[in-house]
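Below is one structure, written out as structure tokens, with a few remarks after it.
Each residue takes its place number in the sequence, starting with 1.
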Amino acid sequence: MNLTLKNILSVLGAQWVGEFDSADISHISIDSRSLQNGPETLFFALSGPNNDAHHYIGELIDSGVMNFVVSYIPEEVKNQANFLVVPNTLAALQQFATWYRNHFKFPVIGITGSNGKTIVKEWLNFLLGPDFNIIRSPKSYNSQVGVPLSVISINEKHNLGIFEAGISTISEMEKLEPIITPTIGILTNIGTAHDEGFSNIAEKIKEKLKLFKHSELLIYNSNKTIEAFIPSTTKRFSWSFKDESADVFLVRRNAGEHTFISVTWNERAFEVEIPFRNDASIENAMHCLMVLLHFGYDNLEIKNRLAMLFPVEMRLKVKNGIDNSTVIDDSYSSDFQSLKIALDFLETQKQHKKKTLILSDIFQSGLTNEELYSRVSQLVISNKINRVIGIGETISAFKHKFVNCVTFDTTNEFLAAFDGLNFGHETILVKGARQFRFEKIVSLLEEKTHETVLEINLNAISHNLNFFRSKIRPETKMMIMVKAFSYGNGGFEIARLLEHHKVDYLGVAFADEGIALKTQGISLPIMVMNPESTSFTSIIQYGLEPEIYSLKGLDAFLKIANEKKLEQYPIHIKLDTGMHRLGFEEPQLAQLISVLKENKSVKIKSILSHMATSDDLQHHAFALGQIALYEKMSSLMIAELEIDPIRHILNTSGISNYAEAQFDMVRLGIGLYGISNDASEQKYLENVGTLKSILSQIRTIPAGDSVGYGRRFMAEHETKIATIPIGYADGISRHWGNGIGYVNVNGKKAPITGSVCMDMLMVDVTGITCKEGDPVVIFGEDPSVIHMAKQLGTIPYEILTSISQRVKRVFYRE
Ligand SMILES: *Cc1c(COP(=O)(O)O)cnc(C)c1O
């Protein structure tokens, strides 16, 4: 569809501010980082309680974007671009998407429910893909923002839509319904997710069903409570394993890892085989079966297609690659929308200059191949990809569209040529449709380490950051403590994300940590808390900012600063107000002030102190005493030296308990990584790190046999034992063994039997369905680091920072 600014203006009823022109718009964006933004982009500046995209408009103008939908025009960009001013930019995006959606008349499947939405969507896309040109929500784009963005990608060639809608509270669905307007509805299930957003189950059901207000048909798992709320105009199409009066009655029979299901619908009766046995997968597959029945597929076709269902991988994973490269693994789907998302993600990983894209044929774009590969080539150019490796017959035929491109007809041909292709010191995005089996490519590109990984959820970090931002005044600055590899979570990647979120400062413990971040390209100012005098020269060389906590340190730094003829070099003054770790004490202030008064080579960027008991309200009076002393000492320095430094004293639990003492900045540490000292606050934080491994070997031992060193576990009855390749050298405390701790195997608790060894531990998996190679969670949601710390008599900080550097860190976004 041809869009111009002029027609969008009238759709939105916006106020126009700028030079009038009716530019063509070919791209709608809300992501300031995307390199796909350009002259034909219309940028919607969304603003939430913690993040306001209006702040990025200046940067976007510099990169060539000219058209913006805004709720106000920031002073610094006045008269520099075209603005469509609306009361609320999110509402405008939704309004635009609704208008856009109304131009298309084909069937649209709308999916909502508590669990399984994305899997049902991906499976339907796979099952119906051979017969339709499908447009679907990319990844799990199902929110108030994700739904409009998904719908805006429809084009004239599509003839079936599959969109998911997720809500967390009332009145959200009525905004999504007109944007999707599904003709066919699927309600996956009503679980307990987001219960806090609804006053009772009926309210939640009613709200979800609003998606189907205009649907002709609703597919659901037969359930009387739900039926009471379905509008009479909607045709019901229900299935059940229990209720014989459901439209489709099913009987289930397990067979190893597979499940046979006999299907009875009117006169039709047949059997299908699902390559899964867990309840959730069966439920998801049944919703898909219903769609196939509704679309009139015959028994054999349904049976054949369902037998090919596969596990869905929804994440983009970042892995360490061979020869110092970084691999972004998106090897399970290839469509134009998800390619755009993956390229945007690539851009956020700026570690290497060079970028390679390994791409398979793209299916279901709704475009002719000629047009599709022209667009892909445009994307490749705007994302500054240095090299394209195309795999598949179609992309090979369009090789001429790309600069610096090699192609192969099949994945195997690529694998045979692998050694000559020279990968290294670059970021490699691996993006391919499932049938190309790009996991084989990823496994060659991946750096070989053992199977234990610490997975870091970058979305959760953003969420937690925003949570703490919402607790402080908007003008209060934020320093994020990324010492000790961001509390064990990984240095560069997290710093890079924080840079995007425009935090004000990073804090590290030692100069080396700061140097590593600067060398990798982090440009945020970095405070070094514990700068040894021997590191002062490199601190200056890398533009790091030292914390000065003693007269001796100050003298040493001033000496070097004077030698190098520095002027106004930023330093931070640490005051000891009761922690008695580092810092100037009150009696030393006079001398400190007199030394600083004479000096022009340094500038006091900030004055800080640290609280000893911000997490423990038993010591409330002591904490208030520290704050008061800090106020007094810092005020004296400010008055005597006539300076205007940033003042800061609060760490994470300080923000929770003493927000009134936030001064000009706070220093967030553990909270960013998902841990609060306050149980009521904990439920608002998201888990960041999940330590995972696998079951390497499983054996059954008879009663009376023992497990491990010193025979510290004795089997009282026949016991199934599994060995996991993680031990105390990886950071798992020996105190966590011998029945105290457990790991999570396929959702069940498996107690650790015997002592934790250096590189391995053994667990009791009696009664747990599992096989060798299955994944195991050592910590994450369950057991949580908080639980482990409590059991082990320590604090979460120690558990997180103990995970050794030999454990590979893998970063992902949902
Ligand atoms: C580590 C540290 C912080 C952060 O503490 P959290 O409890 O993790 O928020 C703040 N300030 C100083 C001086 C620190 O050493």
TODO: Count the heavy atoms belonging to other residues, nucleotides or ligands that lie under 6.0 Å from CZ of Phe485, then report whether that count exceeds 12.
DONE: no
Open item on the list: So, taking the atom named CD1 in Ile571 and the one named CG in Leu566, what distance separates them when rounded to the nearest 0.5 Å?
Closed with: 11.5 Å
- [ ] Any chance you could measure Ser538, atom OG, to Lys518, atom NZ, to the nearest 0.5 Å?
- [x] 13.5 Å
Task: Sub-4.5 Å side-chain heavy-atom contact between Asn651 and Leu668 - done: no
Open item on the list: Restricting to ring pair (Phe, Tyr, Trp, His ring centres under 6.0 Å), what partner residues turn up for Phe779, sequence neighbours left out?
Closed with: none
Task: Ser331 side chain vs Lys431 backbone, donor-acceptor pair below 3.5 Å - done: no
- [ ] Measure across Ile341 and Lys139 and return the closest heavy-atom pair with its distance rounded to 0.1 Å.
- [x] CD1-CG, 4.3 Å
Task: Exam field: side chain Thr652 to backbone Gly671, donor-acceptor pair closer than 3.5 Å - done: yes
Task: Check: Leu421 and Phe414 side chains under 4.5 Å, non-hydrogen atoms - done: yes
TODO: May I ask you to test the Leu506-Met527 pair for a side-chain heavy-atom distance under 4.5 Å?
DONE: no
Open item on the list: So which atom in Val327 and which in Gly321 form the shortest heavy-atom distance, rounded to 0.1 Å?
Closed with: CG2-CA, 3.8 Å
- [ ] Would you please say whether a donor-acceptor pair under 3.5 Å links the side chains of Glu426 and Thr356?
- [x] yes
Open item on the list: In the structure I gave you, are the side-chain heavy atoms of Phe438 and Ser360 within less than 4.5 Å of one another anywhere?
Closed with: yes
Task: From Arg734 atom CZ to Ile732 atom CD1, the distance as rounded to the nearest 0.5 Å - done: 13.5 Å
- [ ] Give the intermediate values and the outcome of side chain to side chain contact (heavy atoms under 4.5 Å, CB included) for residues Ile328 and Leu316.
- [x] CA-CA 7 Å; Ile328 300 177; Leu316 282 165; 4.2 Å; yes
TODO: Please lay out, stage by stage, how Thr476 and Gln662 fare under the test side chain to side chain donor-acceptor pair (under 3.5 Å).
DONE: CA-CA 7 Å; Thr476 303; Gln662 59 192 275; 2.6 Å; yes
Open item on the list: So which atom in Val388 and which in Phe402 form the shortest heavy-atom distance, rounded to 0.1 Å?
Closed with: CG2-CD2, 4.2 Å
Open item on the list: side chain to side chain donor-acceptor pair (under 3.5 Å), that's the test. Do His352 and Ser325 meet it? Break it down for me.
Closed with: CA-CA 8 Å; His352 310 283; Ser325 60; over 6 Å; no
Open item on the list: I'd like to know whether Asp615 forms a side chain to side chain donor-acceptor pair (under 3.5 Å) with Ser653, so could you lay out the CA-CA distance, the side-chain angles of the two residues, the decisive distance to 0.1 Å, and finally the verdict.
Closed with: CA-CA 5 Å; Asp615 60 337; Ser653 36; 5.0 Å; no
Open item on the list: Atom NZ of residue position Lys477 - does it have more than 12 heavy atoms of other residues, nucleotides or ligands inside 6.0 Å?
Closed with: no
Task: Aromatic ring proximity Tyr505/His572, centre distance under 6.0 Å - done: yes
- [ ] Please name the residue in the list Glu455, Glu446, Glu451 that meets the salt bridge (Lys or Arg N to Asp or Glu O under 4.0 Å) test with Lys808.
- [x] Glu446
Open item on the list: Run Asp678 and Ser656 through side chain to side chain donor-acceptor pair (under 3.5 Å) and show every step you take.
Closed with: CA-CA 8 Å; Asp678 178 340; Ser656 310; 5.4 Å; no
Open item on the list: Show the nearest heavy-atom pair for residues Gly689 and Asn489, with the distance to one decimal.
Closed with: CA-OD1, 4.4 Å
Task: Backbone of Leu379 reached by a side-chain donor or acceptor of Asn383 within 3.5 Å - done: yes
Open item on the list: Among residues at least two apart in sequence or on other chains, which ones pass side-chain contact (heavy atoms from CB on, under 4.5 Å) with Asn466?
Closed with: Asn50, Asn51, Arg469
Open item on the list: Keeping Arg809 on the side-chain end and Gly488 on the backbone end, is there a donor-acceptor pair under 3.5 Å?
Closed with: yes
TODO: Would you confirm whether Thr801, through its side chain, and Tyr487, through its main-chain N or O, come within 3.5 Å as a donor-acceptor pair?
DONE: no
Open item on the list: Rounded to the nearest 0.5 Å, what separates atom OG in Ser486 from atom CG in Leu800?
Closed with: 11.0 Å
TODO: Evaluate the side-chain proximity of Ile391 to Leu359: yes if any heavy-atom separation is below 4.5 Å, no if none is.
DONE: no
Open item on the list: For Asp31, is there any backbone N or O sitting under 3.5 Å from a side-chain donor or acceptor partner on Ser34?
Closed with: no
- [ ] List for me each residue that meets side-chain hydrogen bond (donor to acceptor under 3.5 Å, both in side chains) alongside Ser29, sequence neighbours excluded, and say none if there are none.
- [x] Asn37
Task: Heavy-atom closest pair, residues Asp664 and Pro645 - done: OD2-O, 3.6 Å
Task: Those residues that, when tested against Tyr56, pass ring pair (Phe, Tyr, Trp, His ring centres under 6.0 Å) (two or more places apart) - done: His500
Open item on the list: Nearest 0.5 Å, please: how far is CG in Leu465 from CG in Leu497?
Closed with: 8.0 Å
- [ ] State whether the number of non-hydrogen atoms from other residues, nucleotides or ligands found under 6.0 Å of Tyr141 atom OH is greater than 12.
- [x] no
- [ ] Could you tell me whether the side chain of Asp504 and the main chain of Met478 form a donor-acceptor pair under 3.5 Å?
- [x] yes
- [ ] Output yes when a side-chain donor or acceptor of Thr519 lies under 3.5 Å from a complementary backbone atom of Ile515, and no otherwise.
- [x] yes
Task: N/O donor-acceptor pair under 3.5 Å between Asp782 side chain and Ser784 backbone - done: no
Task: Nearest non-hydrogen partners of Val528 and Phe510, listed with the distance - done: CG1-C, 3.6 Å
Open item on the list: With a 4.5 Å cut-off on side-chain heavy atoms, are Leu357 and Leu339 touching?
Closed with: yes
- [ ] In plain terms, say whether Lys319 and Asp329 are close enough for a salt bridge, that is, a side-chain N and a carboxylate O under 4.0 Å apart.
- [x] yes
Task: Those residues that, when tested against Tyr684, pass ring pair (Phe, Tyr, Trp, His ring centres under 6.0 Å) (two or more places apart) - done: Phe467
Open item on the list: Just checking Arg437: does its CZ atom have more than 12 heavy atoms from other residues, nucleotides or ligands closer to it than 6.0 angstrom?
Closed with: no
Open item on the list: For a 4.5 angstrom cut-off between non-hydrogen side-chain atoms, does Ser676 reach Gln682?
Closed with: yes
Open item on the list: For Glu76, I'd like to know if atom CD has over 12 heavy atoms of other residues, nucleotides or ligands within 6.0 Å.
Closed with: yes
Open item on the list: If only side-chain N and O atoms count, and only distance matters, is there a donor-acceptor pair under 3.5 Å linking His648 with Ser606?
Closed with: yes
- [ ] Could you tell me which residues satisfy side-chain contact (heavy atoms from CB on, under 4.5 Å) with Asn457, sequence neighbours excluded, listed by chain and number?
- [x] Asn459, Ala460, Tyr812, Glu814
Task: Carboxylate-amine/guanidinium proximity below 4.0 Å for Asp759 and Arg806 - done: yes
TODO: Classify the side-chain pair Glu499/Ser523 by whether it contains a donor and acceptor separated by less than 3.5 Å.
DONE: yes
- [ ] Could you verify whether a donor N or O on one side chain and an acceptor N or O on the other, from Glu798 and Ser802, lie under 3.5 Å apart?
- [x] no
Open item on the list: So, taking the atom named CZ in Phe663 and the one named OG in Ser609, what distance separates them when rounded to the nearest 0.5 Å?
Closed with: 9.5 Å
Task: With Glu347, the salt bridge (Lys or Arg N to Asp or Glu O under 4.0 Å) member among Arg496, Lys355, Lys340, Lys384 - done: Lys355
Open item on the list: Quick one: does any side-chain atom of Ser614 pair with a main-chain N or O of Met611 as donor and acceptor, under 3.5 Å?
Closed with: no
Open item on the list: Salt bridge check, Lys683 against Glu681: does any charged N sit closer than 4.0 Å to a carboxylate O?
Closed with: no
